[in-house]
Amino acid sequence: MLKKKILITGGSGFLGWHLARHFRRKYEVSATYHSNPLTIDGVKTIRMNITSGKEVVERISKLKPDVVVHAAANTNVDGCKENKEGAYAANVTGTENVLKAAADIGAFLIYTSTDLVFGEDGSMYTEEDAPYPMNYYGWTKLEAEKKVAEGGSSITLRVVLMYGADTGIKGSFLRWMKKGLESGQEVKLYTDQFRSPLYVDDAAAAIEAVIQGKARKPLYHIGGPERIDRYSFGRIYAGVFGFDPRLLIPVTMDEVASRARRPRDCSLSIERAREDLGFNPRAVREALISMKESILSR
Ligand SMILES: NC(=O)c1ccc[n+]([C@@H]2O[C@H](COP(=O)([O-])OP(=O)(O)OC[C@H]3O[C@@H](n4cnc5c(N)ncnc54)[C@H](OP(=O)(O)O)[C@@H]3O)[C@@H](O)[C@H]2O)c1
């Protein structure tokens, strides 16, 4: 039987890189990069600037994927605030370009959005809750969600803060924490910022369930099973990886200056994905143990 053709935009990014490695044996996988050239065994890699509609149509019409997983974006929350034009071009126009090119060849589009479409006054948001982004990054991702909802054969997956093995090109927030802890420096972590962090391997499992046609709705929340603050997360991480937990300093969001505003709580409810996609993500401790084992077995 012919393998399904999957195109991943943002293959040089944290999520895209992990997806390409997860999917490469089962599917015929292509992955794009923009400024960070990419090589992954068993994956065709190509340069594509999503802000150029012409280039996107050319590349996608040539590859003719069955499914496009759109994970390319400007994800720098502070950077988006400081360069709104660039952020709009990558996150809104870029998504429109990919959506149109996918529709032209009848490919199904999986758009990855963010938990940062939600703001301050809530917790464990469901797909029925009205989004209200607190920063420009979140706003651009929500604008793109609207385009995706209007466009052809597509779905939006709002993924949350992810963690997992460093790709060598991009790391998750664990890269920053590890660097500090390894060099014996204090690491300040919020006690009052709540997310539902997700192990990137579990994000891949959810996206694969969508590729396999299990989705029934146009929008799903894809997050971890726990609502947890950053400091508690750091304590679990230090415990699993054998770092000195005394280096972790609990702070509140008000104590640390940040350029763009960020919500105190954008934890997501994942009941819809559990029900339809059979999504069953690991809790933080379990996921970190599994991550440590896979790093040791390399
Ligand atoms: N990581 C998280 O915790 C998290 C949380 C919530 C939602 N998400 C969503 O998940 C998706 C993937 O995020 P990520 O963390 O993997 O992002 P990332 O590590 O920052 O990677 C971004 C990717 O987008 C590409 N890109 C940026 N501008 C581009 C352009 N103009 N043309 C083509 N490609 C461009 C980058 O290519 P180069 O590096 O080669 O330039 C890179 O491959 C995004 O939609 C993001 O909003 C991520």
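What you are looking at is a predicted structure, and each value in this text was computed from that prediction instead of being measured. Remember, it's 1-based here, ligands and their atoms both numbered in the order they're listed.
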**Request:** With a 4.0 angstrom cut-off on heavy atoms, strictly below it, pick out the residues next to ligand 1 and order them by chain and number.
**Result:** G10, S12, G13, F14, L15, Y33, H34, S35, N36, M48, N49, I50, T51, A71, A72, A73, T75, T112, S113, T114, Y137, K141, V159, V160, L161, M162, K170
Side-chain donor-acceptor distances from residues 31-39 under 3.5 Å, at least two apart:
{"unit_1": "T32", "atom_1": "OG1", "unit_2": "G10", "atom_2": "N", "d": "3.1"}

**Request:** Without swapping roles, check the side chain of N91 against the backbone of K141 for a donor-acceptor pair under 3.5 Å.
**Result:** no
**E226: side chain to side chain contact (heavy atoms under 4.5 Å, CB included) partners, not counting sequence neighbours** = A283, V284
**Message:** How long is the straight-line distance from CE of M162 back to CG of L174, given to the nearest 0.5 Å?
**Reply:** 12.0 Å
**Complete:** Residues passing the ring-ring contact (aromatic ring centres under 6.0 Å, His included) test with Y220, sequence neighbours excluded, are none
**Prompt:** Do the numbers put R227 on top of the ring of F194, so that NZ or CZ is under 6.0 Å from the six-membered ring centre and no more than 45° off the axis?
**Reply:** yes
